[in-house]
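First up is the structure itself, then whatever we jot down about it.
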Amino acid sequence: MEKTFQPADIETRWYDTWEAAGYFAPQGGERAYSIMIPPPNVTGSLHMGHGFQEAIMDALIRYHRMRGFNTLWQVGTDHAGIATQMVVERQLEAQGITRHDLGRDKFVEKVWEWKEESGGTITRQLRRLGSSLDWSRERFTMDPGLSAAVQEVFVRLYQEGLIYRGKRLVNWDPALHTAISDLEVVSQEEQGHLWHFNYPLAGGEGHLTVATTRPETMLGDTAVAVHPEDDRYAHLIGRSLELPLTGREIPVIADEHVDREFGTGCVKITPAHDFNDYDIGKRHGLPMINLFDDNAALSDAAPEAYRGLDRFEARQRVVADLDALGLLEKVEDHTLMVPRGDRSDVVIEPYLTDQWYVDARELAKPAIAAVENGAIEFVPKQWENTYFAWMRDIQDWCISRQLWWGHRIPAWYDEEGQVYVGNSEEAVRQAHNIDASVTLRQDEDVLDTWFSSALWTFSTLGWPEDTEELATFHPSSVLVTGFDIIFFWVARMIMMTLHFRKEVPFHTVYVHGLVRDAEGQKMSKSKGNVLDPIDLIDGIELEPLVEKRTGGMMQPKLAQRVEKATRKQFPEGIAAYGTDALRFTYYSLASTGRDIRFDVGRIEGFRNFCNKIWNAARYVHMNCDGEDCGVAGDEPLELSLADRWIVARMQQTAADVARAFDQYRFDHASQALYEFIWNEYCDWYLELSKPVLWDDDASAGAKRGTRRTLVTVLEAWLRLLHPLMPFITEEIWQSVAPLAGKRGDTIMLQPYPEPEKHAQDEQATRDIEWLKSVIVGIRTIRSEMNIPPGKEIPVLLTSTSGDDKKRLEQNSQYLKKLTKLADVRWLADRNDAPAAATALAGELEILVPMAGLIDKDAEIGRLNKEIGKLENDVSRIEGKLGNPGFVDRAPADVVNKERDKLAAQQQALETLREKLQRIQTM
RNA sequence: AGGACUAUAGCUCAGUUGGUUAGAGCGCUACCUUGACAUGGUAGAGGUCCCCAGUUCGAAUCUGGGUAGUCCUACCA
């Protein structure tokens, strides 16, 4: 074995081996366990959020696979309608053409080409993370099978009246030329103005003043509304106003929606361009004037002077023209929420168009019930509130998109515009007796990407066919996801699955936090703070990293800033840490209800942990290869105190890890393993094995027992650790397993260690704790008295307790070796003690004779410090016990515990004071 | 506007049903290349548990009220 752990070659080697051997495919017992991967964008690439999420799923999958579950981790990718189409359109733009130049078929062909070309990136990256996905079952949301499921769902929902087509106000993206759903609109606060305009009363005897943030829409006003009980305006209700610039007259109406306090209390109503105005318009039967075209430029519905102007140009013109007419009352600064498209970042326009909708209210009812009655559980629980709040006020879901990339809506129109929905044109013709002489034209639109994602848990398993996989693996066990897509995806999956399968899509939703950078900032390309998990695995030099982060940036200023920040944060680039270290870092940060700040310092610590593991294995090999490790069981074998102790600790760790998995506390699992492996197995057990293995006088049985424990405990914790660190555990297990008498091609399919309660050994645990405290006592004296670590010193022990004496007899070898003692002796009468430096371990006094070693003043200082601490302690406990309230009202065992503690501390205090006195009188 | 979450060592975070001397990793200090590992070992220093009030014999933990930060939902033209 190499002296240090080198992850690079073993990781890819093992992954290829596993995949080729088919270990990722479901196999195992009656109980099924399944997770459906949240399908990443097929042409995307892995970011830290993915890395985190995949690591969690892989741990769960490997854990259950090892426990004998019939385990499926379903893999697949999403066609990501808008995102993918945008990328390809941008490529065309670079060549100076648009998708319209190509035409629909050619363009879609291009997108498929791009998918083929770049679709491998993310799946390659998933492999680098060690994700044990069943690649043989890989799916894509636009596969024929999944497309058939999408069609089936659409047709059935239409037939049930749960999908309908309607002319409504939608969120229109003027850059992408498509409608988008409410969820795809991101509103942010921006600085704007509030313009006050005077609208003259028809008849010429005065005016009303309205306030607006969007002056250009006044061209489409069809009323002005006031509050019905507003005394200022009550007499004007029903009168008409002259709408300036248009030559139209509009009525003054009364509506409860108007807030009398805001602005002037008069609201201009533009039903075709504002969601609230739309509702008011419907209530009052107002005309709706659609001012804009698809680009949000003014259409022929606007007065001639404004036609063809962009909405923002039109705004300036309208304000200027009203000002010229003397109708601009005033302009105020005003902050307002501006809605922007989450993809395009342009201002979204409420726009009147024909779109397809899903009646979400109806589907939401059983979906709410499923969470209420516990059929689906969120972890952490608090997300259920978020889910309920949204579901109980859910709006119909606009599912049509004016894009070319996606599932085309299975609806056909005849020449009269009559719509027919069915699985194909033939099916439609047949169902409605339409002969070939009638031309049918398919709806141009495609479905929202999330429509197909909503079917993911069952469409991937073969639905609408009645497959064996569906019966076995559906509902899936758990969904692992970020909170940002609870509405986009989780809620819709629950609704669709309950409707079509009459069962939940998953029993548990594990909601993890967002991965942020070390400063707590969201990672984003424009901030230049993104980390690529692959770069943490393989490492990257500074220059390529800078290039990667600034490459393709349009704004030179931004690129400069990103470059500067990158050079500052990673002056040496990023080191190669390996997949196992990266994964372990994710787990250690995965506590619940909290975002993750990714600090490179953490991963370095876990890289070192990998090295520690590696070297522990190296030690075991050095001492056990070619030796009798006692696993055959036919030779006499003797287990030491340390052997029994580490076995007990191992069992406890197995129990801790099992509980952590049960509660989705990966941070607890990782910490339990880290502490056990480093602080107990390596720091103590390996050290305690040396005095036995290197002692020529030790019996063959004792050596055999130690070797057996070394290899069997190592072999067991490798299995325990494997779900979190798959590669290093496999690599080591291959060579260690035979020593432990185990056979098998891979650790992946070995049974997971089950905690055995009876293996607890309290006696051994207490004895080792005693030994540790004595050793630490001696080391402390050594360190604080500046006794060179190599110098062998004598030690005397004395105590009133018989146990202490017995323990010394059993452990003197350990003590001598581990603390470099020339000699350790029991002192029968503590009054015979020579001048010495003293430490206490319970009632035991540890004495390091001063002769030639100890500085008197230093020891006095040390004792005073100890005494000071004890005095504080004693007075604190005395105060507590002196409080009648405490003694009378606290439970007896708590009081007794305090009394015991006080007695022990007083005893220790007395001993040390006595020592101090003796040394002072020397 | 409503709601959720967070606030513990210089930094990143644990802390079960109230009783711990409040812990870990990184960083820091001192010493040490000893036959698994310097990506290491040993011993240390370091905390007003955001603030105020309350409940309690006892509060990092429970309740109320603040402050700061993050986020979600909705929205006043």
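Each chain gets a letter, A, B and so on, in the order the sequences are listed, and its residues count up from 1. Just so it is clear, the model here is predicted, and its values are computed rather than measured.
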Applying ring-ring contact (aromatic ring centres under 6.0 Å, His included), name anything that partners A:W684, two or more places apart in sequence or on another chain.
none

Which pairs with one or both residues in residues 667-679 of chain A pass salt bridge (charged side-chain N to carboxylate O under 4.0 Å, His left out), sequence neighbours excluded?
A:R665-A:D667

For B:U20 and B:G58, measure between their C1' atoms and round to the nearest Å.
14 Å

Can you give me the N/O atom pairs linking the protein to nucleotides 15-18 of chain B at distances under 3.5 Å, or say none if there are none?
residue	atom	partner	partner atom	Å
B:G15	OP1	A:R665	NH1	3.2
B:G15	OP1	A:R665	NH2	3.2

Please state whether the phosphate of B:G58, meaning OP1 or OP2, lies under 4.0 angstrom from any side-chain nitrogen or oxygen of A:N883.
no

For RNA chain B, whose closest nucleotide is more 5', that of A:H257 or that of A:D182?
A:D182

Dot-bracket assigned to RNA chain B with the 3.5 Å Watson-Crick/G-U criterion, [ ] for crossing and | for other-strand pairs, is (((((((..((((.....[...)))).(((((.......))))).....(((((..]....))))))))))))....

Qualifying residues under side chain to side chain donor-acceptor pair (under 3.5 Å), relative to A:R340, sequence neighbours excluded:
A:E190

A:E687 (side chain) and B:A36 (base): donor-acceptor pair under 3.5 Å
yes

Under 4.0 angstrom, heavy atoms only, what part of the nucleic acid is A:C682 near: base, sugar-phosphate, or nothing?
base

Could you tell me how far B:A59 sits from B:G54 if I compare only their P atoms? Round to whole Å.
12 Å

Using heavy atoms and a sub-4.0 Å distance, could you list which residues of residues 894-909 of chain A are near RNA chain B? By number, please.
A:V894, A:K901

Give a yes-or-no answer on whether the side chains of A:Y577 and A:T585 include a donor-acceptor pair shorter than 3.5 Å.
no

